[in-house]
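Along the sequence shown, the residues carry numbers beginning at 1. These figures come from a predicted structure and were not determined experimentally.
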Amino acid sequence: MRGGVIVAALVLGFGCARVVKPWNRPTPGRGVEDTAMLAPSARPFCADVFLLTLAEIARGDADGEVVAVEGVPKANVRCTELKCPDDACCNECSGEYVLEHEGSDGGMHLLLHLDGMGSCSGWDCNLECQPFGWKPTTRYRFVGLNSFTSQNGVATSRFLVDRVCSAPP
C-alpha cells in the first residue's frame with residue numbers, strides 16, 4: 001500500500017512539474033526592445049549576390065538560389081495560452097525572426113523565416129529575443145539560400161542566412 005502511495009505521489013508530482021508555482025514564477029520585465037547589431041557594410045560584404053525584393057520572393061523568384069533580401073526583422077513569437085491565475089506570468093513563449101511582405105499590391109502575402117538568425121524565448125511577461133531585440137527597427141541585408149513554398153495564397157520562404165550586413169541608406 002505504501003509503495004502505491006509513493007508511486008502516485010511521484011506521478012502527480014511529475015504531472016504538475018510544468019505548472020509555474022509562486023516560488024519559481026519568472027520575474028516580469030521584457031528583454032531589450034531594439035538592439036542594432038554591428039554588421040559590416042552591404043557594399044563590400046554582401047554585394048556579391050543578386051538582391052531581390054520581398055515582392056519578388058513572394059512571386060517565387062530565386063527558389064533554391066542564394067540571394068540577398070533587405071528588411072527590418074520582426075520577432076515572430078508564439079506563446080502557450082494557459083489561463084494564468086491572478087494575471088501571473090505562466091505562458092511559455094518561443095519564436096524566430098521573419099521578414100513580412102503584405103500582398104496589398106495584388107501579390108501574395110509572404111512570411112520569410114530567417115533561419116539561423118537568432119531566436120526568442122521566455123515567458124509572456126519577460127520575453128528575450130537575440131540578437132535584434134523583440135521590437136527591432138534597423139534595416140539589414142540578409143544573404144542566404146531561399147527555399148520557397150506557396151499554399152492557399154500565402155507564400156512562405158525558409159531563408160537559411162549565411163551573412164548579415166547593414167543595409168545601405
Side-chain angles (χ1 to χ4, degrees), residues 18 20 26-82 89-169:
R18 279 196 24 87
V20 178
T27 305
R30 291 196 178 236
V32 177
E33 186 172 304
D34 182 24
T35 301
M37 187 175 131
L38 184 59
S41 171
R43 285 191 176 84
F45 294 104
C46 293
D48 60 337
V49 294
F50 191 67
L51 176 65
L52 291 177
T53 66
L54 291 173
E56 290 170 323
I57 299 246
R59 282 195 320 243
D61 295 0
D63 177 31
E65 296 179 32
V66 174
V67 294
V69 66
E70 290 184 358
V72 176
K74 175 183 172 190
N76 186 28
V77 179
R78 296 157 308 283
C79 298
T80 57
E81 296 181 7
L82 301 173
C89 182
C90 72
N91 287 294
E92 289 184 272
C93 301
S94 64
E96 72 283 337
Y97 289 104
V98 297
L99 295 178
E100 226 174 338
H101 170 72
E102 295 295 330
S104 59
D105 57 354
M108 280 200 280
H109 177 80
L110 171 71
L111 190 63
L112 185 140
H113 297 266
L114 296 168
D115 291 347
M117 200 60 254
S119 64
C120 299
S121 63
W123 300 84
D124 50 358
C125 69
N126 71 352
L127 184 64
E128 182 75 32
C129 296
Q130 294 293 334
F132 304 114
W134 57 270
K135 196 174 180 183
T137 58
T138 306
R139 185 176 179 84
Y140 297 95
R141 180 176 292 181
F142 299 94
V143 174
L145 178 63
N146 178 39
S147 299
F148 176 83
T149 57
S150 173
Q151 289 182 330
N152 302 323
V154 178
T156 303
S157 183
R158 307 289 321 177
F159 200 81
L160 184 57
V161 177
D162 179 51
R163 39 195 159 136
V164 180
C165 294
S166 57

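Here the closest non-hydrogen pair linking V72 and P136 is CG1-O, 3.4 Å. Residues L99 and F142 share a closest heavy-atom pair of CD1-CD1, 4.1 Å. Here the closest non-hydrogen pair linking L127 and G122 is CD1-N, 4.5 Å. The two atoms that bring L82 and C90 nearest to each other are CD1-O, 3.7 Å, heavy atoms only.
Not counting sequence neighbours, S41 has no partner by the side-chain hydrogen bond (donor to acceptor under 3.5 Å, both in side chains) test. Every residue meeting the side-chain contact (heavy atoms from CB on, under 4.5 Å) condition with F45, not counting sequence neighbours, appears here in chain and number order: P40, C165. Annotation: side-chain hydrogen bond (donor to acceptor under 3.5 Å, both in side chains) contacts of S147 (sequence neighbours excluded): none. For F132, the ring pair (Phe, Tyr, Trp, His ring centres under 6.0 Å) test picks out Y97, Y140, with sequence neighbours left out. Under the rule for a side-chain contact (heavy atoms from CB on, under 4.5 Å), the partners of P168 that lie at least two apart in sequence or sit in another chain are A42, R43, E70, R141. Every residue two or more places apart in sequence or in another chain that forms a side-chain contact (heavy atoms from CB on, under 4.5 Å) with S150 is listed here: M108, F148. The side-chain hydrogen bond (donor to acceptor under 3.5 Å, both in side chains) test applied to D61 returns R59, not counting sequence neighbours. For V154, the side-chain contact (heavy atoms from CB on, under 4.5 Å) test picks out H109, with sequence neighbours left out. E65 pairs by the salt bridge (charged side-chain N to carboxylate O under 4.0 Å, His left out) definition with nothing, not counting sequence neighbours.
Within the 4.5 Å cutoff, the side chain of F159 has heavy atoms near those of the V69 side chain. Side-chain contact between D162 and L145: absent, with no pair of heavy atoms (C-beta onward) separated by less than 4.5 Å. For the pair N91 and T80, the minimum side-chain heavy-atom distance is below 4.5 Å.
A donor-acceptor pair under 3.5 Å is formed between the side chain of N126 and the backbone N or O of W123. In this structure a side-chain-to-backbone donor-acceptor pair under 3.5 Å is present from N146 to A62.
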List the atom pairs, donor and acceptor, that lie under 3.5 Å between side-chain atoms in residues 110-120 and the rest of the protein, sequence neighbours left out.
residue	atom	partner	partner atom	Å
H113	ND1	E96	OE2	3.3
D115	OD1	R158	NH2	2.7
D115	OD2	R158	NE	3.1

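The CD atom of Q130 sits 9.0 Å away from the OG atom of S121 when rounded to the nearest 0.5 Å.
Within the structure, side-chain hydrogen bond (donor to acceptor under 3.5 Å, both in side chains) pairs that include any residue of residues 46-56 comprise D48-R163, T53-E56 (at least two apart or interchain).
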